[in-house]
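Just so it is clear, the values below take in all heavy atoms, side chains as well, and ignore hydrogens, waters and symmetry mates. Quantities reported herein were computed from a predicted structural model and do not represent experimental measurements.
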Amino acid sequence: DGGGGGGGGYRQREEAPMTVRRSMSKEDAKRADATQASQAPVADPKRERKWRLVFGRLSSGGRIRRENLPRAMEMSGFQNVVRGWADAIYDGITMVSSLTSTEYIKFLKEYEAEAKRQHVSAFEAADADGSGSLDVEELREVLAACGWTPSAELLAEVLEEVDDDRSGLISLEEFLHVMVLLGNTQGFTRAEREHLNGLWGRFARGGEGIAIPSLPMALNFLGYTRPDREVRELAEAMDLDGGGTLDEREFLVFMRRIIDAEVAQLRQIFVEMDVDESGSLDLAELEDLLRSVGFFPDREAVLEAAADIGAPECLTFEDTLALLKVYREREGFTKEDLCGISEAYSRYASPDEELRPADVARVVRWLGFTNMSVEAQEALVKNVDVDESGMLGLEEVQKLVRMHWEEMIRSMHRAFQLQDDIRVGTISAEQAARAWCWMRDKGHAPQGKAEGFEEASGGTFTLGSFVQTGIRFMKEHRAFVREHGGISQSEATKMKTLFEAYDDDKSGSISFKELVNLINGMFPVVTESSRPKLDAMMRDIDGSRHGSLDFAEFKLIIKQFFELREEELLERERRAVQATGFSPVEVKEFRDLFQELDEDSDHQLDWGEVKRLIGRVCEAGGGSPKDVWRAFQETQASKSSGISILASQDGLDFPEFLSLMHTLSTMSSPSSARGK
């Protein structure tokens with residue numbers, strides 16, 4: 001599919017005349033034959049059809065302008081185009097500023113022949129001893145001169161295919177084959193191509209191709225972050241037939257351009273940050289580099305990836321690319337994190353099937369994430385279940401957790417920027433504590449820890465130090481939750497209080513009868529769908545426990561009820577959204593309002609918290625203060641579940657708050673906008 005480019009400047013090269021062939025050695029004659037063969041045009045109707053499609057896309061009035069040739073050559077499959085060669089060939093064809101279709105095809109064929117001649121010249125220059133072959137290191141050098149820097153894995157695959165005699169040496173003929181293979185594979189290894197082709201198949205509904213609007217989601221799935229406008233423009237350039245989709249080959253070329261753009265951006269920033277011109281960056285600079293191109297680096301994961309590639313304390317640009325490859329393959333997690341995700345997946349996925357989306361909340365809670373909302377869960381499932389199978393594999397769950405983690409770190413960035421309103425690049429410890437409180441109120445951070453910022457710094461925080469401190473706090477919270485069976489620190493404190501209340505003799509244990517009373521107190525009213533599960537849990541406990549339970553055993557049992565609570569709450573919220581007809585945007589805004597009103601962070605609103613709404617409701621034409629009080633009482637009286645472990649029965653949880661807001665919105669006058 002198109003020719004390969006080369007490196008270096010354009011230079012005229014005299015060809016060996018046929019009349020001197022008799023005076024050549026056998027090796028020289030073989031080399032001349034290869035050179036002549038490389039220059040001979042090869043008929044390829046499929047390739048020329050593609051070239052004509054490109055011409056049709058970019059031409060006007062039957063001609064393609066000279067300034068459009070770089071884009072046309074890229075779309076035609078040419079890589080690492082050397083402008084000097086192209087200019088010389090163009091000037092040899094015409095003196096005007098555009099080419100006809102026939103001239104364009106001739107131009108591409110001549111450029112392809114010139115590229116191959118240059119490849120032969122590069123081979124001969126690298127073959128300093130005139131042996132007619134190159135070793136691996138010489139091959140690396142000549143490939144770099146031709147504009148290619150293949151990974152060690154790709155180079156090994158290519159050598160395995162072309163080095164038929166397994167000598168470890170590459171002849172001219174084999175070298176030309178290498179150049180063809182690199183062009184055809186777009187510089188991807190076999191495993192990388194299979195992975196990308198598999199992703200294409202999942203996004204390409206019915207095999208028709210990936211729709212261009214779906215490409216940002218595909219890139220996010222792969223862990224790449226590029227501006228949407230850049231993605232759209234690049235995809236449209238790859239879409240030869242203008243159908244709005246990319247076929248398998250076009251998607252492979254598209255991904256190569258995305259990766260090349262990322263590498264170019266990384267190189268530019270690397271050079272700018274390398275102020276001492278040492279050719280390397282330390283760890284702190286590396287984190288800033290990754291952050292500047294859209295990553296949210298976890299220092300522990302970065303250090304682990306650096307150690308695994310054997311990188312020194314200061315990394316070269318090549319070290320940086322190798323580290324980024326490993327970091328991305330691990331979804332930005334440590335190996336311990338990945339083992340935890342795999343364990344959670346195995347815990348909740350059935351043996352013969354993948355994970356049901358309904359079980360995602362249980363997985364993320366088991367991993368220590370206790371603040372994922374229903375709409376966040378559904379959005380993440382949609383982002384990773386690209387084939388809409390309704391089931392999630394381990395890879396999809398890893399990506400889902402990564403996206404959730406990234407959103408939490410993205411929230412840290414926003415919190416920092418809100419405090420750093422004059423953009424000086426630093427905030428005080430007091431501002432850092434306020435930023436953490438903002439995150440906590442938005443549901444993006446666990447309770448507590450705000451005071452820890454006073455102890456974690458000498459007085460000021462940069463964005464990097466604030467994020468790393470926040471990551472440490474979140475990991476401590478997640479470790480606590482996992483250690484305590486999916487129970488957060490604030491929940492454990494309430495559980496301890498509850499346990500002690502039933503431990504009348506202060507013996508450190510409670511009887512099974514007391515446990516039954518305690519559980520019934522937690523679940524005074526249960527929905528029809530949850531009652532069988534609750535009854536089954538109680539039968540299991542009755543059959544496996546005798547006598548009394550200490551606090552550790554109590555926590556393990558209560559964990560099951562927490563999972564039931566989560567499952568029930570998610571289901572009730574889905575029903576509330578369906579019943580009220582609120583859009584996803586409205587639900588998110590109501591959740592923000594709920595968290596703003598929830599001053600004691602107990603995930604319920606009592607009347608003292610709800611009445612803060614009165615001024616806003618009256619202003620929006622949603623009734624009088626008495627109407628708000630009446631609506632609150634009616635909503636409270638119609639509680640459908642009663643699942644409120646460790647919380648008061650007097651307040652409204654989020655599904656009930658949605659019902660309240662729907663009631664208030666129906667009180668608005670016809671002239672009032674619902675959004676208000």
Exercise for the section: Evaluate the side-chain proximity of Phe188 to Met255: yes if any heavy-atom separation is below 4.5 Å, no if none is. Expected result: yes
Problem - 4.5 Å side-chain heavy-atom contact, Thr320 and Leu289 - result: yes
Exercise for the section: For Arg257 and Ala235, indicate whether the former's side chain and the latter's backbone hold a donor-acceptor pair under 3.5 Å. Expected result: no
Exercise for the section: Describe, in one word, how the ring planes of Trp85 and Tyr111 are oriented to each other, choosing from parallel (under 30°), tilted (30 to 60°) and perpendicular (over 60°). Expected result: tilted
Problem - Shortest non-hydrogen contact between Gln265 and Ser292, atoms and distance - result: NE2-O, 4.3 Å
Fill in the blank from the handout: Shortest non-hydrogen pair, Phe107 vs Ile89, comes out as CD1-CG2, 3.7 Å
Practice task
Check the pair Ser76, Val54 against side chain to side chain contact (heavy atoms under 4.5 Å, CB included), reporting the backbone distance first and the verdict last.
Solution key: CA-CA 6 Å; Ser76 296; Val54 173; 3.7 Å; yes
Exercise for the section: Among Arg267, Arg328, Arg226, Lys325, find the residue that satisfies the salt bridge (charged side-chain N to carboxylate O under 4.0 Å, His left out) test when tested with Glu262. Expected result: Arg328
Problem - Check: Arg256 side chain, Gln186 main-chain N or O, donor-acceptor pair, under 3.5 Å - result: yes
Practice task
Determine, for Phe333 and Arg402, whether the Lys NZ or Arg CZ falls below 6.0 Å from the six-membered ring centre while staying within 45 degrees of the axis.
Solution key: no
Exercise for the section: Output, in order, the C-alpha distance, side-chain angles, deciding distance and verdict of side-chain hydrogen bond (donor to acceptor under 3.5 Å, both in side chains) for Arg52 and Ser101. Expected result: CA-CA 7 Å; Arg52 295 185 189 280; Ser101 174; 3.2 Å; yes
Exercise for the section: Check whether any side-chain heavy atom of Leu215 lies under 4.5 Å from a side-chain heavy atom of Phe203, and answer yes or no. Expected result: no
Problem - Whether Asp163 side chain and Ser167 backbone form a donor-acceptor pair below 3.5 Å - result: yes
Completion exercise
Taken to the nearest 0.5 Å, the spacing of Leu172 CG from Asp127 CG works out to 9.0 Å
Problem - Check: Phe295 and Leu324 side chains under 4.5 Å, non-hydrogen atoms - result: yes
Exercise for the section: Take Glu110 and Glu114, measure what side chain to side chain contact (heavy atoms under 4.5 Å, CB included) needs, and give me the verdict at the end. Expected result: CA-CA 6 Å; Glu110 290 191 13; Glu114 179 58 32; over 6 Å; no
Problem - Sub-4.5 Å side-chain heavy-atom contact between Asp385 and Leu400 - result: no
Problem - Main-chain N/O of Gly425 paired with Asp420 side-chain donor or acceptor, under 3.5 Å - result: yes
Practice task
List the steps and the verdict of side chain to side chain contact (heavy atoms under 4.5 Å, CB included) for Asp282 and Leu315.
Solution key: CA-CA 6 Å; Asp282 62 26; Leu315 284 75; over 6 Å; no
Practice task
Kindly indicate whether the side chain of Ser60, heavy atoms from C-beta on, has any atom under 4.5 Å from the side chain of Arg65.
Solution key: no
Problem - Separation between CG of Asn383 and CD of Glu396, rounded to the nearest 0.5 Å - result: 11.5 Å
Exercise for the section: Measure the spacing between CD of Gln398 and CG of Leu392 and express it to the nearest 0.5 Å. Expected result: 12.0 Å
Exercise for the section: Step through it carefully: locate the ring centre of Phe296, locate the ring centre of His413, and say whether they are under 6.0 Å apart. Expected result: yes
Handout entry: Identified side chain to side chain contact (heavy atoms under 4.5 Å, CB included) partner of Glu331 from the options Met403, Lys399, Glu406
Key = Lys399
Problem - Sidechain-backbone polar pair: Tyr104 side chain, Arg63 backbone, donor-acceptor under 3.5 Å - result: no
Problem - Side-chain donor or acceptor of Thr100 paired with backbone N/O of Glu103 under 3.5 Å - result: yes
Exercise for the section: Please work out which of the three classes, parallel, tilted or perpendicular, describes the rings of Trp51 and Phe78, given edges at 30° and 60°. Expected result: tilted
Problem - Cationic N near anionic O, under 4.0 Å, Arg232 to Asp228 - result: no
Practice task
Would you name the heavy atoms of Arg193 and Leu252 that are closest together and state the gap between them?
Solution key: CD-CD2, 4.3 Å
Exercise for the section: Count the heavy atoms belonging to other residues, nucleotides or ligands that lie under 6.0 Å from CD of Glu277, then report whether that count exceeds 12. Expected result: no
Problem - Ion pair Lys109/Glu48, N-O distance below 4.0 Å - result: yes
Handout entry: Sidechain-backbone polar pair: Ser121 side chain, Arg117 backbone, donor-acceptor under 3.5 Å
Key = yes
Practice task
State whether the side chain of Ser214 and the backbone N or O of Ile210 hold a donor-acceptor pair below 3.5 Å, judged by distance alone.
Solution key: no
Fill in the blank from the handout: Value for CZ (Arg66) from OG1 (Thr94), rounded to nearest 0.5 Å, stands at 9.0 Å
Exercise for the section: Would you please test Val263 and Phe317 for side chain to side chain contact (heavy atoms under 4.5 Å, CB included) and show each step? Expected result: CA-CA 10 Å; Val263 171; Phe317 184 68; 4.0 Å; yes
Handout entry: Sidechain N-carboxylate O distance under 4.0 Å for Arg140, Asp135
Key = no
Fill in the blank from the handout: Of all heavy-atom pairs linking Ser278 and Asp274, the shortest is N-OD1, 3.0 Å
Practice task
Please examine the side chains of Tyr327 and Val302, heavy atoms only from C-beta on, and report whether any two atoms are closer than 4.5 Å.
Solution key: yes
Handout entry: Lys/Arg N to Asp/Glu carboxylate O, Glu407 vs Arg410, below 4.0 Å
Key = yes
Exercise for the section: For the pair Glu192 (side chain) and Thr189 (backbone), establish whether a donor and an acceptor sit closer than 3.5 Å, ignoring hydrogens and angles. Expected result: yes
Handout entry: Check ion pair Arg47-Glu112 (N to O, under 4.0 angstrom)
Key = yes
Exercise for the section: Ignoring hydrogens and angles, tell me if any N or O in the side chain of Glu586 forms a donor-acceptor pair with the backbone of Ser583 under 3.5 Å. Expected result: yes
Problem - From NZ (Lys382) to CD (Gln377), nearest 0.5 Å - result: 15.0 Å
Completion exercise
In this structure, CZ of Phe175 is separated from CD of Glu138 (nearest 0.5 Å) by 11.5 Å
Practice task
Answer yes or no: is there a side-chain heavy-atom contact under 4.5 Å between Leu143 and Leu182?
Solution key: yes
Problem - Pair Asp288 + Arg291: basic N to acidic O under 4.0 Å - result: yes
Handout entry: N-O pairing of Glu233 and Arg229 below 4.0 Å
Key = yes
Completion exercise
In terms of heavy-atom contacts, Leu154 and Gly187 come closest through CD2-O, 3.2 Å
Problem - For Leu246 against Glu250, the heavy-atom pair lying closest together - result: CA-OE1, 3.3 Å
